[in-house]
Each structure stands twice: as C-alpha cells, then as structure tokens.
Protein chains: 2
Amino acid sequence: MERRRRDGGGAVLRERDPEARRERLLEAAGGVFAETGYGGGSVRAIARVARVNVASVNYYFGSKEGLYREVLLRAHRQVMEAEPEPEVGGDAREALRGWVGYCLRFVLLRRASHPVLGRLMAHEMRQPTVALSELVTLVIRPKFEQLAVVVAAVAGGGMGREASELAAHQIVGMCVHFDHSREVVERLGYRVPGGEVEIAELAESVAEMALGGLAGMVRSGKGRTKRIFK
Amino acid sequence: MERRRRDGGGAVLRERDPEARRERLLEAAGGVFAETGYGGGSVRAIARVARVNVASVNYYFGSKEGLYREVLLRAHRQVMEAEPEPEVGGDAREALRGWVGYCLRFVLLRRASHPVLGRLMAHEMRQPTVALSELVTLVIRPKFEQLAVVVAAVAGGGMGREASELAAHQIVGMCVHFDHSREVVERLGYRVPGGEVEIAELAESVAEMALGGLAGMVRSGKGRTKRIFK
DNA sequence: GGCATTATGAAACGCCTGTTTATAAACACT
DNA sequence: AGTGTTTATAAACAGGCGTTTCATAATGCC
C-alpha cells in the first residue's frame with residue numbers, strides 16, 4: 001500500500017544542541033522513571049518534560065530500555081560522588097547505626113539535589129526489569145554484605161553466617177518498608193519523613209530495634225543452628 | 001459515518017451457564033491479578049484463562065475495575081473463612097510470635113488452596129489502586145492496631161503509643177520485605193520460603209528480633225519521648 | 001557556492017489496552 | 001409456535017504504547 005506524503009510542517013524554529021538535548025532527556029527520564037518506574041513511564045511523557053521530540057529518544061539512546069540503562073548508570077555515578085559512605089570501622093554498634101542511617105537516607109531523602117538512584121532501585125525491587133541483576137551485583141550486594149559483616153560484628157561471634165545474613169535481611173526490611181509501603185504506612189497515620197533530621201530520628205529507632213534484636217538472638221542462642229539458606 | 005455490518009459468526013457451540021462463567025472469571029482474575037497486579041493483568045488474559053469472551057467481563061462486572069473489586073471482596077471472604085486468627089490473648093510475647101507467624105503466612109504461603117488476598121494486597125502496597133483505602137480500613141488497619149496493642153503489651157507500659165506504632169511498622173516491614181523484595185532477596189542468596197514449616201522458622205527469627213528489639217527500646221528508654229507522628 | 005552529514009519534527013506503523021456495538025443463540029413463558 | 005428476555009460472541013472503537021519513516025532544517029567541509 002502506498003504511504004501518504006507528508007510535508008514536515010514548513011518553517012519551524014529548531015534549537016540545535018545535541019549535548020544539551022541528551023542531558024535534558026537523561027534528566028527528565030530520571031525524574032519520570034523515579035516517580036513511576038520503568039514500565040510506568042512513557043517515552044512520550046519523558047520527551048514532553050524534556051521539551052524534545054519523541055523520536056529523539058530512539059535517536060540518542062536507541063530505545064526506551066537504552067535510555068533507562070543510561071539513567072541508571074548516571075544515577076549510580078552521582079551517588080558514588082555525592083553520598084558519603086557509612087562508617088563501618090570502629091565500634092560495631094555504631095557502625096550498624098551508621099549503616100541504617102545511610103540506607104534510610106538513600107531510600108527516603110527527597111532533597112532536590114538528591115540522586116534518584118534510591119527511588120529507581122525501589123521500583124526495581126517491586127517490578128524488576130532486565131537491569132535488576134546488574135544493579136544487585138553492582139550496588140545492592142556490596143552494601144548488603146557490608147551490613148552482614150556489621151551484624152556479625154555486633155553479634156560478636158554469637159551468630160553464624162546464615163543467621164547474620166537473615167538478620168541483615170530483616171534490618172533491610174525495616175528500612176525499605178517506609179518507602180515501599182509508603183501509601184499504606186501513611187494511611188495508617190505515620191508521616192514518612194523526607195528531611196535529614198526526621199530521617200535520622202527514624203534511623204535511631206530502627207537501629208535500636210536491630211541492636212536489641214541481635215542481642216536477644218545471641219542471648220537465646222537462636223543464631224547458631226539455623227540452616228535455612230540454600 | 002456508516003458502520004459495517006457484522007454477522008456474528010454463524011453456528012458456534014455455546015455453553016450456557018452464567019453462574020459457572022462468573023465463577024470462572026473470578027477465579028481466573030484472582031490468579032492473574034495476584035501474579036501481576038491490577039495494572040499488569042489484562043482483561044483479555046483473564047478471559048483467555050477463564051475460556052470466556054472478552055466482552056463477558058464487562059457484561060458481568062461492568063468494567064475491569066468492577067471485576068477487580070469483586071475479586072478483592074471474594075479473596076477477603078475466603079481468608080476470613082479459611083485462615084485462623086492469630087492468638088492475641090494470654091502471654092504478650094507469645095501473642096507477638098503468633099502475630100508475626102500469621103502475617104508471614106498471609107504474605108508468603110503458596111499453597112494451591114491458599115487465598116490470594118495476601119498477594120493482591122502486596123501489589124496494592126506497591127502500586128495502589130482506588131481500592132487501597134478500602135482495603136486499609138477493612139483489613140490492614142484492624143490487623144495493624146492489633147499488632148500495636150500486642151507491642152504495647154510486650155513493652156509493658158515502657159513505650160508510648162506513638163513509639164509502639166512505630167515499632168509495629170518496623171515489625172510489619174520485616175515481614176512483608178521477604179515478599180515485596182523477593183526478587184532481590186533471592187538474588188542475594190536467600191530462598192524465600194513458601195511452605196508452612198519454613199515460614200514458621202522464618203517467623204521465629206523475625207519474632208525473636210522484634211522481641212529483643214522491644215526489650216532494648218524499653219531498657220534504653222527510647223520509647224518514651226518520641227513525637228514524630230503527626 | 002555546493003554538497004554531504006547530522007539533527008530535528010510530524011506523522012505513520014503496528015500492536016496493545018479496556019470498552020462498546022450489533023448479531024445471534026438459548027431460554028422462559030404464553 | 002410465537003414472543004421477549006437473557007446470555008454469548010466477533011468485530012469495531014478509541015486511545016495509548018514504543019518505534020520507524022521521511023522530509024527538512026542546520027551544520028561542517030571543500
């Protein structure tokens with residue numbers, strides 16, 4: 001079948017600056033994907049926010065997925081530059097407090113300048129894309145093993161490796177819950193914090209529960225015989 | 001513009017049993033929505049599973065949303081009939097263990113006969129629909145307040161109401177994490193349990209951390225002065 | 001100036017979605 | 001047998017999606 005001729009629309013002003021366009025697209029995509037996740041964000045919405053034609057997404061990034069990958073890489077790079085690592089040396093209990101604070105900041109902090117990686121990862125956890133495995137080995141696993149080490153140190157030899165990791169999962173669960181289930185948590189009357197000070201308060205509470213819980217596990221000897229990892 | 005005539009397809013075998021069709025649709029929709037959430041499941045997929053025409057969804061339930069609401073109601077009814085309530089009377093610590101076990105069973109259990117409400121609610125938490133508020137007041141809030149009471153009882157007057165509720169949120173976080181972040185948790189080497197026995201083991205660990213954590217909070221007096229609820 | 005290269009925009013493509021319409025078969029009742 | 005209602009179906013509809021096409025405007029180069 002014959003295609004209709006199209007005339008391209010006549011004289012239009014064309015700003016021409018590839019670098020700026022690429023950057024605007026990445027910025028806009030970061031915001032959109034952080035808000036709605038990969039599947040929820042449409043390339044048309046991104047293009048609109050970036051004030052750019054839809055076709056530019058494919059021109060610059062090949063596909064929606066390509067754009068998403070670059071957004072993730074960029075966000076990861078920004079975090080590595082901007083966010084200070086948690087203190088894990090020295091006192092083990094203090095290290096655990098530091099880790100919890102770091103994790104909660106990562107997930108909850110809503111500063112304008114804050115990198116969007118935390119929210120992107122939250123969406124990945126809920127609805128994984130092909131990028132999840134990469135993200136796990138690149139970002140999540142190192143952080144998680146760091147926590148597992150801290151947990152083992154807090155237990156002071158009172159817990160096996162498997163029990164430490166299980167406890168670490170539970171601690172992570174406490175942290176991410178306030179973001180993952182935000183809608184429910186807020187409907188139940190808790191105002192999920194978004195500022196530095198409030199997040200620090202929440203972190204103190206979570207760390208307190210973790211520290212007390214670990215102490216209890218060590219006392220009861222529950223951490224010794226478990227064998228529930230594969 | 002004039003519409004083309006359609007002939008309806010001639011002689012086809014038609015099974016005629018409204019009740020069974022409605023039931024098949026609800027069953028199929030329960031499975032599909034439990035797997036992919038409301039947004040992720042398409043009416044065409046549901047109709048295919050139910051071996052029913054697409055239009056039947058709108059004929060019987062008005063809309064996709066109407067079908068979803070009935071699925072939720074049905075699932076809730078099934079749970080109320082099938083799943084035993086957790087023991088909350090008697091010893092407070094034992095009550096907490098009971099609650100955690102109930103919550104984990106609710107979220108993780110994958111028996112063929114198990115109601116799908118847990119998985120539907122998990123999707124609602126991640127991506128709320130208009131049904132979430134209803135679900136919160138109908139199912140989640142009662143359970144949550146039950147937990148908050150148990151937590152306060154375990155603390156034995158050593159925690160204020162707000163601190164009890166915050167601790168309750170943290171405990172819920174530990175429970176739902178293993179389902180919400182299943183993909184990540186499994187990639188980190190933990191096999192998320194789906195059977196009764198394993199779930200009970202996990203529940204013991206979570207309850208242990210909660211009990212120890214609450215004890216620690218009471219000891220340190222952290223539960224007294226907090227004022228971070230709105 | 002002439003020409004190839006790169007970048008941009010409007011529209012189309014093909015596929016999916018939930019929903020509606022028109023037809024028709026099956027049933028209930030007279 | 002005839003009539004009216006309920007139930008079932010295939011096809012159309014309207015709109016969204018990611019992607020592609022193609023003409024053209026802007027640029028770099030000779």
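Just so we're on the same page: letters track the sequence lines, and every chain starts at 1.
In A:Glu145, the CD atom is crowded: over 12 heavy atoms of neighbouring residues, nucleotides or ligands sit closer than 6.0 Å.
Using a 4.0 Å cut-off on heavy atoms, the residues of residues 38-46 of chain B that approach DNA chain C are B:Gly41, B:Ser42, B:Val43, B:Arg44, listed by number.
Evaluation of the side chain to side chain donor-acceptor pair (under 3.5 Å) rule for B:Glu23 yields B:Arg74 as partners, not counting sequence neighbours. Legend: residues meeting ring-ring contact (aromatic ring centres under 6.0 Å, His included) with B:Phe178, ordered by chain and number and at least two apart, are B:Tyr190. With sequence neighbours excluded, the residues satisfying salt bridge (charged side-chain N to carboxylate O under 4.0 Å, His left out) with A:Arg182 are A:Asp179, A:Glu186. Taking B:Arg21 as the reference, B:Glu15 meet the salt bridge (charged side-chain N to carboxylate O under 4.0 Å, His left out) condition, with sequence neighbours excluded. Among residues two or more places apart in sequence or in another chain, the ring-ring contact (aromatic ring centres under 6.0 Å, His included) test is passed with A:Phe61 by none.
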Restricting both atoms to N or O, compile the protein contacts to nucleotides 4-7 of chain C shorter than 3.5 Å, with distance only.
unit_1: C:dT6; atom_1: O2; unit_2: A:Arg16; atom_2: NH2; d: 2.5
unit_1: C:dA7; atom_1: OP2; unit_2: A:Tyr59; atom_2: OH; d: 2.5
unit_1: C:dA7; atom_1: O5'; unit_2: A:Tyr59; atom_2: OH; d: 3.4
unit_1: C:dA7; atom_1: O4'; unit_2: A:Arg16; atom_2: NH1; d: 3.4
unit_1: C:dA7; atom_1: O4'; unit_2: A:Arg16; atom_2: NH2; d: 3.0

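In this structure, the NZ atom of B:Lys64 is 17 Å from the C1' atom of D:dA14, given to the nearest Å. Here D:dT20 presents its C1' atom at 18 Å from CZ of A:Phe61, a figure rounded to the nearest Å. We find that CG of A:Leu25 is positioned 11 Å from P of C:dG9, with the value rounded to whole Å. In this structure, the CZ atom of B:Arg69 is 17 Å from the P atom of C:dG18, given to the nearest Å. Between B:Asn58 atom CG and D:dT7 atom C1' the separation is 14 Å, expressed in whole Å. One can place OH of A:Tyr68 at 14 Å from P of D:dG18, the figure rounded to the nearest angstrom. One can place CG of A:Leu67 at 14 Å from C1' of D:dT19, the figure rounded to the nearest angstrom. The distance from atom CZ of A:Arg51 to atom P of C:dT8 is 13 Å, rounded to the nearest whole Å.
Nearest to the side chain of B:Asn53, among D:dT9, D:dT21, D:dT19, sits D:dT9.
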Let me have the donor-acceptor pairs involving side chains of residues 41-51 of chain A, under 3.5 Å, with sequence neighbours excluded, atom names and distances please.
unit_1: A:Ser42; atom_1: OG; unit_2: A:Ala45; atom_2: N; d: 3.0

Could you give the side-chain donor-acceptor pairs of residues 114-122 of chain A under 3.5 Å, partners two or more places apart or in another chain?
none

Before giving the answer on side chain to side chain contact (heavy atoms under 4.5 Å, CB included), spell out for B:Val172 and B:Trp99 the whole-Å C-alpha distance, their side-chain angles and the decisive distance to 0.1 Å. CA-CA 10 Å; B:Val172 172; B:Trp99 197 97; 3.9 Å; yes
